[in-house]
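Working notes, beginning with the structure itself.
Each chain gets a letter, A, B and so on, in the order the sequences are listed, and its residues count up from 1.
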2 protein chains.
Amino acid sequence: MARYQAGIRTEARIIDATRELLGENGLDGTTLKAICDRAGVRAGSFYNLFESKEDAVLQVVKDAIRAVDPHPKRDAPDSLNELVEAYISFVSGQPDVARVYLKIAISGATNGSLGGSMKRHHHRRVARFSSAIARENPELTEAESEVRAEIVLATLSGLAFMWMLEPKFDFEHRARLAVYAPLLNS
Amino acid sequence: MARYQAGIRTEARIIDATRELLGENGLDGTTLKAICDRAGVRAGSFYNLFESKEDAVLQVVKDAIRAVDPHPKRDAPDSLNELVEAYISFVSGQPDVARVYLKIAISGATNGSLGGSMKRHHHRRVARFSSAIARENPELTEAESEVRAEIVLATLSGLAFMWMLEPKFDFEHRARLAVYAPLLNS
DNA sequence: CTCAAAATAGAGTGTATACTCAAAATCTAG
DNA sequence: CTAGATTTTGAGTATACACTCTATTTTGAG
């Protein structure tokens, strides 16, 4: 009936190992052997806790997608400022998760079971940014707000990719400069 | 001594198949069997023309990287306008090549022999955009121009990713709006 | 303590992969 | 036409992969 502590800890170690490997080496670099080695576990233990490798990978990836776009804490709609700051602290505060999001979610978006889930996530994000922009810039039509939302999101993603390419890259600075300084209310 | 026409045509078919598959399915989806099936060739023929699978993949990827950042046609330095329009026509005019470039940029950028080559390419691009921006905006310091170059490139890449996610996405329109309207000379 | 349930180990399975090789087919220069 | 070189074939190899299974060990509630 009840699960044992050992199993729960092992499950967490496996999830952590999977997340790290996905961020470091991508999907094909994340083999079962690599996961088990890093988690300090044998294949049998893995399959006692997970149905398949895909099972563990999907858990990690779906968590990552959820972490980028958390539910609003307050009831009030979010401002563009809040959305951008949330993205910045996502990248800075959970770099492992962010790497998974950028590597797997985006690269795997055009194929496989992630494709659909990623497209939905993307539309949700655009809508959220778009409505914040529309609220703060009443002179824009709905279509114009949406285009601007897409551009802001594209810039944030692009900068995050650069950060992944070179960890020294000052993502925060670029992101704030790109979004606040030039684009809107100009 | 001399190569036969059949071999030259087969080589081209294999390169085309490799490029298409890399763009559609990424690196790990591009198996030898898939390449050979699409090119209408058996494994033995492939290895008569290429040293390894990696050989064919690297040819395609290096071509793609070269296509994004072609040598200037004139002696004169390029304007930001020209650089952006070149990127736009790269994406619109050679979508297969662009897809390879974008997919590999994410998945292969942090590891392997592609990592180094991708990083060098990135720095070359930033320098090129940066010097165009500096020339057209003399009030900016060198560091400021570079940051702006990174932001422009990030936005273009991010928009291109969105285009890859949804082929209907109007990349040209977004790219011109994002770069020309808001960012510089404001 | 006890003992059933849960977790683990580790050898083993089937499959897909990149790649090889010897023989047959095809090409093209002379 | 011919003969040597190139290209193609297709069965075959070794390896790495995800995954299974059974026996053993560990856990923790009663």
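Within a 6.0 Å sphere centred on CD of A:Glu166, heavy atoms belonging to other residues, nucleotides or ligands number more than 12.
Checked against a 6.0 Å centroid threshold, the rings of A:His121 and A:Tyr101 count as neighbours.
Computed from coordinates, the A:Leu27 CG to D:dC17 P distance equals 13 Å when rounded to whole Å. Between the CZ atom of A:Arg3 and the P atom of C:dA5 there is a distance of 17 Å, given to the nearest Å. Atom CD in A:Glu11 sits roughly 15 Å away from atom C1' in C:dT8 (whole-Å rounding). Look at CG on B:Asp28: it is 18 Å from P on D:dA16, rounded to the nearest Å. Protein atom CD of B:Glu51 is 14 Å distant from nucleotide atom C1' of C:dA18, rounded to whole Å. Separating the CG atom of A:Asn48 from the P atom of D:dT20 is a distance of 12 Å, rounded to the nearest angstrom. Rounded to whole Å, the distance from CG on B:Leu49 to P on C:dT20 is 14 Å. To the nearest angstrom, P of C:dT17 lies 10 Å from CG of B:Asp37.
In plain terms, the two heavy atoms of A:Ala132 and A:Asp78 that are nearest each other are CB-O, 3.4 Å.
D:dT24 is paired with C:dA7 under the criterion used here, namely a Watson-Crick or G-U wobble arrangement in which both key atom distances are under 3.5 Å. Pairing for D:dG30 goes to C:dC1, judged as Watson-Crick or G-U wobble with the two contacts each under 3.5 Å.
The phosphate of D:dG10 (OP1 or OP2) has a side-chain N or O of B:Arg42 nearer than 4.0 angstrom. Side-chain N/O atoms of B:Thr10 include none lying less than 4.0 angstrom from OP1 or OP2 on D:dT7.
Side chain of B:Ala6, nearest nucleotide from D:dC17, C:dC27, C:dA18: C:dC27. Distances were taken from every side-chain heavy atom of A:Lys53 (C-beta onward) to each of D:dA18, C:dC19, D:dT8; the shortest belongs to D:dA18.
Between B:Ser45 and A:Arg9, the residue anchored nearer the 5' end of DNA chain D, judged by the nucleotide with its closest heavy atom, is B:Ser45. Along DNA chain C, the nucleotide nearest to B:Gln5 and the one nearest to B:Leu32 differ in position, and the one closer to the 5' end is contacted by B:Leu32.
Residues B:His173 and A:Val147 form a side-chain contact, since some pair of their non-hydrogen atoms from C-beta on lies under 4.5 Å apart.
Taking 4.0 Å as the cut-off between side-chain N and carboxylate O, A:Asp69 and A:Arg125 count as a salt-bridged pair.
Across all strands, B:Gly7 comes closer than 4.0 Å only to sugar-phosphate atoms, never to a base (heavy-atom distances).
For A:Tyr47 against D:dA18, a side-chain-to-base donor-acceptor contact under 3.5 Å is absent. Counting atom types as modelled, B:Tyr4 pairs no side-chain N or O with a base atom of D:dT6 as donor and acceptor under 3.5 Å.
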